[in-house]
S.K.: 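Dropping a structure here in structure tokens format, bear with me for questions.
Since the structure is predicted, the reported quantities are computational estimates derived from the model, not experimental observations. Order of appearance sets the numbers: ligands from 1, and atoms from 1 within every ligand.
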Amino acid sequence: MRVIAIDGPAGAGKSTIARALAARLGLEYLDTGAMYRAVTLAAMQGQVDDADEVAALSRGLSLEVGERGVFVDGVDATTAIRTPEVTGAVSRVAANSGVRAEMRARQRAWAELRGGGVIEGRDIGSVVFPEAELKLYLTASPRVRAERRVSEMGSGDVDEIERAIAARDHHDSTRVDSPLTEAAGSTVVDTTGLTVGEVLDQILRLLEHA
Ligand code: DC
């Protein structure tokens, strides 16, 4: 299996870089954050709040995350998983150990089926694929991460987004089960002030020596 693991906080550029890197290497790309978002959306829609019930719901969910978009039980949820409501609720669902066990199993099965891939999230290098060929921890200054999110969304208050990102990162890095952390053996790439091309070049150089 050829797995490239990309972790890091919100807005560090993981999705953009993972997608571009996958295309360069002829691998598929998996956005694991979209999986946690999909479970969160399904729990909100079903008004399920109890932790065990949310975990059970995640086990029964049909989830498709790929090129065509995100489908939850066959319904296109590509846009619905990115609303501020889902973004505000996802950290709590992602801290649920039952949900995490289910998502981990699905992520490993996804990679096994494809002989690997470029996989991005928070715990990919630390927990899901500790034996990955290359483990990257992508980061950027909080201000730049907030600015990127605002430009992705087309509007928004940078200060407010920066505060929201900081709160989510804090929640994601202090949870008990597989918190966001720099995995052992990972390389930190600070994307502040770098173009996508520059980040990609750095990663391709790292891969040559991996
Ligand atoms: O990458 P994102 O912002 O779409 O991720 C949404 C949330 O999912 C994030 O706040 C933390 C959680 N997440 C996680 O706990 N583990 C992962 N491997 C990926 C995402």
S.K.: Please work out whether any backbone atom (N, CA, C, O) or any side-chain heavy atom from C-beta onward of Arg168 is under 4.0 Å from ligand 1, and answer side chain, backbone, both or neither.
M.R.: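 Side chain only.
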S.K.: Can you find an N/O atom of Lys14 closer than 3.5 Å to an N/O atom of ligand 1?
M.R.: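 Not met; the criterion fails.
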S.K.: Which atoms of ligand 1 sit under 4.0 Å from any heavy atom of Asp123?
M.R.: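 In order of numbering, the contacting atoms are 16 (N), 17 (C), 18 (N).
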S.K.: Taking the side chain as every heavy atom from C-beta outward, state whether Leu204 and Leu25 have any atom pair closer than 4.5 Å.
M.R.: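 Leu204 reaches Leu25 side chain to side chain.
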S.K.: Just to be sure I read this right, does ligand 1 sit under 4.0 Å from the backbone of His171, its side chain, both, or neither, counting only heavy atoms?
M.R.: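 For His171, no heavy atom sits under 4.0 Å from ligand 1.
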S.K.: Which ligand 1 atoms are under 4.0 Å away from a heavy-atom of Arg37?
M.R.: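 Listed by number with element, the hits are 2 (P), 3 (O), 4 (O), 6 (C).
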S.K.: Would you say Tyr36 has any N or O atom under 3.5 Å from an N or O of ligand 1, going by distance alone?
M.R.: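 Tyr36 vs ligand 1: no N/O contact under 3.5 Å.
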S.K.: Contact between Val70 and Asp76 at the side-chain level, heavy atoms closer than 4.5 Å - yes or no?
M.R.: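 They are not in side-chain contact.
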S.K.: Only one of Lys135, Arg100, Arg104 clears salt bridge (Lys or Arg N to Asp or Glu O under 4.0 Å) with Asp123; which?
M.R.: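 With Asp123 as partner, Lys135, Arg100, Arg104 yield a single salt bridge (Lys or Arg N to Asp or Glu O under 4.0 Å), made by Arg100.
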S.K.: Carefully, step by step, assess Val65 and Phe71 under the rule side chain to side chain contact (heavy atoms under 4.5 Å, CB included).
M.R.: CA-CA 7 Å; Val65 175; Phe71 293 80; over 6 Å; no
S.K.: Does Asp31 reach ligand 1 with a nitrogen or oxygen that is under 3.5 Å from one of the ligand's nitrogen or oxygen atoms?
M.R.: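 No; every N/O pair is 3.5 Å or more apart.
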S.K.: Step by step, would you call Arg148 with Thr191 a side chain to side chain donor-acceptor pair (under 3.5 Å)?
M.R.: CA-CA 11 Å; Arg148 284 180 188 159; Thr191 67; 3.0 Å; yes
S.K.: Where's the contact between Arg82 and ligand 1, heavy-atom distance under 4.0 Å: side chain, backbone, both or neither?
M.R.: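 It is the side chain that gets close, since no backbone atom is under 4.0 Å.
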S.K.: If you count heavy atoms of other groups shown closer than 6.0 angstrom to CZ of Arg2, is the number above 12?
M.R.: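 Above 12, so yes.
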S.K.: Looking at ligand 1, would Ser91 count as a contact under a 4.0 Å heavy-atom criterion?
M.R.: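 Flag set, Ser91 near ligand 1.
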S.K.: Of the backbone atoms (N, CA, C, O) and the side-chain heavy atoms from C-beta on, which set of Arg175 has a member under 4.0 Å from an atom of ligand 1: side chain, backbone, both, or neither?
M.R.: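 Answer for Arg175: side chain.
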S.K.: Step by step, would you call Asp49 with Val54 a side chain to side chain contact (heavy atoms under 4.5 Å, CB included)?
M.R.: CA-CA 6 Å; Asp49 193 50; Val54 173; 5.8 Å; no
S.K.: Considering only the protein, which heavy-atom contact is closest to atom 1 (O) of ligand 1, and what is its distance?
M.R.: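 Here the nearest protein heavy atom works out to Arg122 NH1, 2.9 Å.
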S.K.: Take Arg205 and Asp201, measure what side chain to side chain contact (heavy atoms under 4.5 Å, CB included) needs, and give me the verdict at the end.
M.R.: CA-CA 6 Å; Arg205 274 199 300 275; Asp201 285 346; 4.1 Å; yes
S.K.: Could you tell me which atoms of ligand 1, counted from 1 in the order shown, lie closer than 4.0 angstrom to a heavy atom of Thr32?
M.R.: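 By the 4.0 Å cutoff, the relevant atoms are 17 (C), 18 (N), 19 (C).
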S.K.: Side chain to side chain donor-acceptor pair (under 3.5 Å), that's the test. Do Ser91 and Arg175 meet it? Break it down for me.
M.R.: CA-CA 9 Å; Ser91 281; Arg175 69 178 177 227; over 6 Å; no
S.K.: Which option, Arg104, Arg100, Met103, owns the non-hydrogen atom nearest atom 16 (N) of ligand 1?
M.R.: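 Nearest option to atom 16 (N) of ligand 1, by heavy atoms: Arg100.
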S.K.: Any idea which protein heavy atom is nearest atom 11 (C) of ligand 1, and the distance to it?
M.R.: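 Sorting protein heavy atoms by distance from atom 11 (C) of ligand 1 puts Asp172 OD2, 3.2 Å first.
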S.K.: Apply the test side chain to side chain donor-acceptor pair (under 3.5 Å) to residues Thr32 and Glu120: give CA-CA distance (whole Å), side-chain angles for both, the deciding distance (0.1 Å), then the verdict.
M.R.: CA-CA 6 Å; Thr32 65; Glu120 69 106 334; 5.7 Å; no
S.K.: Distance under 4.0 Å to a non-hydrogen atom of Ala94: what atoms of ligand 1 satisfy this?
M.R.: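 It comes down to these atoms of ligand 1: 12 (C), 15 (O).
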S.K.: Give me the residue, atom name and distance of the protein heavy atom closest to atom 20 (C) of ligand 1.
M.R.: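 For atom 20 (C) of ligand 1, the nearest protein heavy atom comes out as Gly33 CA, 3.5 Å.
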S.K.: Applying the side chain to side chain donor-acceptor pair (under 3.5 Å) criterion to Glu162, which one of Arg149, Arg145, Arg143 satisfies it?
M.R.: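 It is Arg143; the other options fail the test.
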S.K.: Should Glu120 be counted as touching ligand 1, given the test is an N or O pair under 3.5 Å?
M.R.: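 N/O-N/O distance under 3.5 Å: no.
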